[in-house]
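Report on one structure; see the data block that follows.
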There are 2 protein chains.
Amino acid sequence: MSPTPQVKRLQPVDVSAQTTKTRILDAAEELFMEHGFEATSLRLITTAAGVNLAAANYHFGSKEELFQAVLTRRLDPMNRQRMDLLETFEAAAGSKPLTCDKILSAMFIPALKLARDKETGGKNFLRLLGRAYADPAPFIRDFLSQQYHDMIARFRTAFAKALPHLPKDELSWRLHFVMGALSYTLAGSDVLKMIAQYQPAEADNDELLLSRLAPFLAAGLMAPVTTSGSVHRMFQESA
Amino acid sequence: MSPTPQVKRLQPVDVSAQTTKTRILDAAEELFMEHGFEATSLRLITTAAGVNLAAANYHFGSKEELFQAVLTRRLDPMNRQRMDLLETFEAAAGSKPLTCDKILSAMFIPALKLARDKETGGKNFLRLLGRAYADPAPFIRDFLSQQYHDMIARFRTAFAKALPHLPKDELSWRLHFVMGALSYTLAGSDVLKMIAQYQPAEADNDELLLSRLAPFLAAGLMAPVTTSGSVHRMFQESA
DNA sequence: GCTAGTTTCAAACAAACGTTTGAACTCCTT
DNA sequence: AAGGAGTTCAAACGTTTGTTTGAAACTAGC
């Protein structure tokens, strides 16, 4: 009846073997992505991971801490890569300011690397990240704003050098739009069908997707500053 | 003991008086916005509305149907206004194609009207809409894609006329980015603090917010088409 | 002023939730 | 081989969830 105890270990020293902890993380990553935080139960996660229900609380403490662990696992290295890459670009450019495209590529390339390196996990994570960005739960928003704080500050100063004519507050807004469009695009993948019915084969190709997003955002960042009240004027005319 | 029955009716014919149904809708709009769909219980909604718990199921059938009713109440008229306004602009322009700014304003102005007309409900709804756009729940995504279908199709042809040089699939992507940035910006309001710490007083001013978003998006829409593989090249260089 | 139809109400329903518990089991050290 | 820390397990905990129920309250029409 006992499950063949004479088999001592099939892969005895494989450190990267699917431990209970990583099995939970992987399953949670996929399910949180698919259904969101609230709609995903620990029972669903542990069943998908093939582990006992109590293992989730044992290894991570609570459901919220598990969610944060899922995010940290990949977000932390990715943001570090982004800052490192930006620094590399700046060092290569010497005293000259970087172009917007170059700075944007420092944001996008680590995301692309993540999407292609790990076969399934990477793409799942980017989608999960995009959705977490829009989640109203305070503990998610607080966690993300803390995780992103350094990276955003770093890129803001880089963009400020690239766009010296732009007022500081205007730059902050545009940076906000950039992060929004990026998150939303990553989270998409089915709202996407609503607008772009063409070439469904490329819908899964994150690289082509970001190669279209980058020029769009670069142009937006470099747009001339509008005189305030122009939309207000438009509104008055048509009301 | 009875609540002053001799007062026949204070506002006897006020059709817009707070009926149970609209009280539930108003409370649900605010609470769904604040906590999301899954994290908002019917008990929370009915308590906030000051009505009995069973009233929600009695008037709307289920929680999902209540959510859809909340969305339809304002989304339907807003999208109709958007299409009407676009038609007005096109009629005024005669045979000449509209500018991107003009088309974008046809998208934004009805949203602005909604945000300012009804004191609190409007802003709540825009935020709720932005969050619903990122919600993974299938019934929400299906509902929204159906609600937006006609409007998106209408604006796509308008943009196609304004940007005849743009390939059709490229336009679809950019339209996707526009909707994403718009939704995300409307949903923001606290992720916002993460990036734009300046002028917190204007953080609540949707008009100024959209007046900054519109030029950003117009520039993105009019960006030159990039040769494919440029991001791929960037990636290869830095890897 | 009674009746038929609509709405409100308190109470209960089964199901699912996150978390805890204490015993069983595994594996490494001594 | 024994012991002990680390891990897994089935079972149960108390809440909370969306929804249903049947009686009470209300609002008309005749």
Side-chain angles (χ1 to χ4, degrees), chain A residues 1-15 17-25 27-28 31-32 34-70 135 137-140, chain B residues 1-15 17-25 27-28 31-32 34-70 135 137-140:
Chain A
M1 270 306 191
S2 70
T4 62
Q6 64 274 25
V7 175
K8 294 195 171 179
R9 268 287 194 106
L10 276 181
Q11 54 277 64
V13 231
D14 189 1
V15 182
Q18 291 264 63
T19 109
T20 300
K21 213 166 171 178
T22 66
R23 288 244 295 280
I24 295 177
L25 281 175
L31 289 169
F32 280 143
E34 199 168 339
H35 305 113
F37 175 76
E38 297 281 354
T40 305
S41 71
L42 286 179
R43 282 169 176 82
L44 207 65
I45 294 173
T46 51
T47 300
V51 303
N52 188 273
L53 168 61
N57 289 94
Y58 174 79
H59 284 285
F60 298 97
S62 68
K63 189 186 176 187
E64 293 195 357
E65 288 171 287
L66 168 60
F67 188 81
Q68 292 178 352
V70 168
D135 203 297
F139 88 95
I140 296 180
Chain B
M1 270 308 190
S2 72
T4 61
Q6 65 274 25
V7 175
K8 294 196 170 177
R9 269 286 193 105
L10 276 181
Q11 53 277 63
V13 230
D14 189 0
V15 183
Q18 290 264 64
T19 107
T20 300
K21 214 167 171 178
T22 67
R23 289 242 295 278
I24 295 177
L25 281 175
L31 289 169
F32 280 145
E34 198 168 339
H35 306 113
F37 175 75
E38 297 281 353
T40 305
S41 71
L42 287 178
R43 281 167 177 82
L44 207 65
I45 294 173
T46 51
T47 300
V51 303
N52 187 272
L53 167 62
N57 289 92
Y58 174 78
H59 284 285
F60 298 97
S62 68
K63 190 186 175 187
E64 294 196 356
E65 289 171 289
L66 168 60
F67 188 81
Q68 293 179 352
V70 168
D135 202 297
F139 89 95
I140 296 180

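Residue numbers begin at 1 in each chain, while the letters A, B, ... track the order of the sequences. All figures in this text were calculated on a predicted structure; none of them were measured in a lab.
Taking atom CG of residue A:L42 and atom P of nucleotide D:dA11, one finds them 19 Å apart after rounding to whole Å. Rounded to a whole Å, the CZ atom of B:F139 is 13 Å from the C1' atom of D:dG18. Between the CD1 atom of B:I24 and the C1' atom of C:dC9 there is a distance of 13 Å, rounded to whole Å. Atom NE2 of B:H35 is separated from atom C1' of D:dT17 by 16 Å (rounded to the nearest Å). Rounded to whole angstrom, the span from the CZ atom of B:R43 across to the P atom of C:dA10 amounts to 13 Å. Taking atom NZ of residue B:K21 and atom P of nucleotide C:dT8, one finds them 11 Å apart after rounding to whole Å. Between A:L66 atom CG and C:dC17 atom C1' the separation is 15 Å, expressed in whole Å.
The stretch residues 50-65 of chain A touches DNA chain D through A:N52, A:A54, A:Y58, A:H59, each having a heavy atom under 4.0 angstrom from the strand.
In terms of phosphate contacts, B:S41 brings a side-chain nitrogen or oxygen within less than 4.0 Å of OP1 or OP2 of D:dT17. Within the structure, a side-chain polar atom (N or O) of A:T20 is placed less than 4.0 Å from OP1 or OP2 of D:dT8.
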Decide side-chain contact (heavy atoms from CB on, under 4.5 Å) for A:Q68 and A:F60; before the verdict, give the C-alpha distance in whole Å, the side-chain angles of both, and the deciding distance to 0.1 Å. CA-CA 10 Å; A:Q68 292 178 352; A:F60 298 97; over 6 Å; no
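Of all the heavy atoms in B:N57 and B:S62, the pair that sits closest is ND2-CA, 4.1 Å. Of all heavy-atom pairs spanning B:K63 and B:T40, the tightest one is NZ-O, 2.7 Å. Residue B:L66 comes nearest to B:I45 through the heavy atom pair CD2-CD1, 4.1 Å, listed as atom of the first residue, atom of the second, then distance.
Here B:T40 lies in heavy-atom contact (under 4.0 Å) with sugar-phosphate atoms only.
Using a 4.5 Å cut-off on side-chain heavy atoms (C-beta onward), A:F37 and B:E38 make no contact.
The CG atom of B:L42 sits 10.0 Å away from the OG1 atom of B:T47 when rounded to the nearest 0.5 Å.
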